[in-house]
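Right, one structure below, let's go through it.
Chain naming here is simple, since letters A, B, ... match the order of the sequence lines and numbering starts at 1 in each.
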Protein chains: 2
Amino acid sequence: MSQPVHKHDVFQAIADPTRREVLKLLSEKDLPISEITSHFPMSRTAIAKHLRILSEAELVSGQKKGREKIYRLHPEPLIELRRFYEQFWSNKLSILKYMVENEEEK
Amino acid sequence: MSQPVHKHDVFQAIADPTRREVLKLLSEKDLPISEITSHFPMSRTAIAKHLRILSEAELVSGQKKGREKIYRLHPEPLIELRRFYEQFWSNKLSILKYMVENEEEK
DNA sequence: TTGACATGAAACCAAATGGTTTTATATACT
DNA sequence: AGTATATAAAACCATTTGGTTTCATGTCAA
């Protein structure tokens with residue numbers, strides 16, 4: 001019975017370069033769809049779809065303001081990205097260690 | 001003229017849950033395809049395809065050893081994940097702060 | 001050398017992805 | 001009231017994705 005709360009997860013959401021760019025944009029400032037679209041070589045409709053996917057992953061939310069819909073970044077789910085990353089690189093020391101160990105094999 | 005050196009990048013590579021699991025497996029131990037396959041409810045061919053994608057992203061490499069092909073993890077490209085992550089969460093303090101603030105909601 | 005095992009490669013398929021165009025609806029402006 | 005603006009929603013489409021099955025090739029072992 002467990003509901004499929006989110007169709008898209010964070011990993012899928014950031015798989016697309018356009019969506020990563022959108023997140024970057026929104027990290028500076030809340031923006032309406034049309035403004036976001038102006039930064040990309042594609043239709044507003046395409047951007048709206050990307051925003052929906054980001055929204056399903058709870059990385060952004062949109063609030064209607066007059067006739068505009070203002071989107072805002074919510075970076076919290078990206079923490080899952082960090083948890084994943086740290087399965088492999090738990091700290092900077094381990095990275096250094098790895099690099100040293102493999103120095104000669106190159 | 002710039003060649004598309006890699007068909008798949010890290011972000012695409014880790015978008016699939018099976019591939020993330022494969023990376024996790026390989027983080028413990030180098031493994032041949034058949035052994036990897038035994039951990040998943042799908043065919044060896046399917047796993048081989050996932051390995052190719054991971055390989056294109058340079059997250060794994062495979063070396064023939066007798067009739068087996070042993071795969072090994074190369075976590076280096078995951079550093080890009082970290083760079084992306086830190087665009088939004090620049091330091092551990094902000095993460096800690098967030099986690100503490102949301103402790104009770106679990 | 002024959003058979004079992006491990007992988008590779010190709011053809012095929014349904015569903016998802018990432019885009020388009022068209023049409024509709026709600027809001028703001030004059 | 002009528003027009004322009006901002007978004008939404010739907011139909012459509014080509015390509016990619018994630019799987020399958022089938023067949024071929026190389027290697028080990030008896």
Side-chain angles (χ1 to χ4, degrees), chain A residues 3-26 29-73 77, chain B residues 3-26 29-73 77:
Chain A
Q3 309 168 43
V5 183
H6 311 305
K7 190 184 170 196
H8 291 94
D9 65 11
V10 178
F11 294 98
Q12 282 177 270
I14 65 160
D16 184 89
T18 299
R19 288 196 289 271
R20 291 197 299 274
E21 267 297 306
V22 169
L23 292 179
K24 185 77 188 299
L25 266 178
L26 290 178
K29 188 158 170 283
D30 296 356
L31 291 173
I33 301 187
S34 50
E35 189 123 357
I36 297 173
T37 303
S38 71
H39 290 78
F40 297 92
M42 66 187 70
S43 70
R44 180 190 49 74
T45 313
I47 295 296
K49 283 190 182 180
H50 282 307
L51 285 168
R52 192 143 86 91
I53 289 170
L54 289 171
S55 178
E56 283 168 359
E58 300 195 325
L59 283 164
V60 305
S61 67
Q63 180 167 1
K64 284 207 67 176
K65 188 99 176 185
R67 57 184 159 181
E68 290 186 329
K69 191 167 179 182
I70 312 292
Y71 276 87
R72 165 169 299 184
L73 175 70
Chain B
Q3 307 169 43
V5 183
H6 310 307
K7 190 182 169 196
H8 290 94
D9 64 11
V10 179
F11 295 98
Q12 281 177 268
I14 65 160
D16 184 88
T18 300
R19 287 195 292 269
R20 291 197 297 275
E21 267 299 305
V22 169
L23 292 179
K24 184 79 189 298
L25 266 177
L26 290 178
K29 188 158 170 285
D30 296 355
L31 291 173
I33 300 188
S34 50
E35 188 123 356
I36 297 174
T37 304
S38 71
H39 289 77
F40 297 92
M42 66 186 69
S43 70
R44 178 191 50 75
T45 315
I47 295 296
K49 283 189 183 181
H50 282 307
L51 285 168
R52 192 143 84 92
I53 290 170
L54 290 171
S55 177
E56 283 169 359
E58 299 194 324
L59 282 164
V60 306
S61 67
Q63 178 166 2
K64 284 207 68 176
K65 188 98 176 182
R67 55 183 161 182
E68 291 186 329
K69 189 166 181 183
I70 311 293
Y71 276 87
R72 166 170 299 184
L73 175 70

Over all atoms of both residues, closest heavy-atom pair of [X] and [Y]:
X	Y	result
Thr18(B)	Met42(B)	OG1-CE, 3.6 Å
Val22(A)	Ile36(A)	CG2-CG2, 4.1 Å
His39(B)	Glu35(B)	ND1-O, 3.1 Å
Ala15(A)	Ala15(B)	CB-CB, 3.8 Å

**OP:** Compare side-chain N and O positions of Lys69(B) against OP1 and OP2 of dG8(C) and report whether any pair is under 4.0 Å apart.
**Re:** yes

Original post:
Can Ile33(B) and Arg44(B) be said to form a side chain to side chain contact (heavy atoms under 4.5 Å, CB included), step by step?
Top reply: CA-CA 7 Å; Ile33(B) 300 188; Arg44(B) 178 191 50 75; 3.8 Å; yes

Original post:
Where the side chain of Arg19(B) meets the backbone of Ala13(B), is there a donor-acceptor pair that is under 3.5 Å apart?
Top reply: yes

Subject >> Strand-adjacent residues in residues 40-53 of chain B, judged by heavy atoms under 4.0 Å from DNA chain D >> reply: Met42(B), Ser43(B), Thr45(B), Ala46(B), Lys49(B), His50(B)

**OP:** At the 4.0 Å heavy-atom cut-off to chain B, mark where contacts on DNA chain D begin and end, going 5' to 3'.
**Re:** dT17(D) to dC28(D)

**OP:** Please state how far atom NZ in Lys65(A) lies from atom P in dA28(C), giving the value in whole angstrom units.
**Re:**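 After rounding, the gap between these two atoms is 11 Å.
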
Original post:
Whole Å only: how far is the CD atom of Glu68(B) from the C1' atom of dC5(C)?
Top reply: 9 Å

Original post:
Taking for each residue the nucleotide of DNA chain D bearing the nearest heavy atom, is the 5' side occupied by Asp16(B) or by Ile70(A)?
Top reply: Ile70(A)

Subject >> Nearest-0.5 Å distance that lies between atom CG in Asp16(B) and atom CG in Leu54(B) >> reply: 8.5 Å

Counting only pairs under 3.5 Å, give me each side-chain donor-acceptor contact of residues 59-73 of chain A, with atom names and distances, residues two or more places apart or in other chains.
unit_1	atom_1	unit_2	atom_2	d
Ser61(A)	OG	His74(A)	NE2	2.7
Arg72(A)	NE	Asp30(A)	OD2	2.7
Arg72(A)	NH2	Asp30(A)	OD2	2.7

**OP:** Could you check whether Glu35(B) gets within reach of a base, just the sugar-phosphate, or nothing at all, counting any heavy atom under 4.0 Å?
**Re:**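 No contact.
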
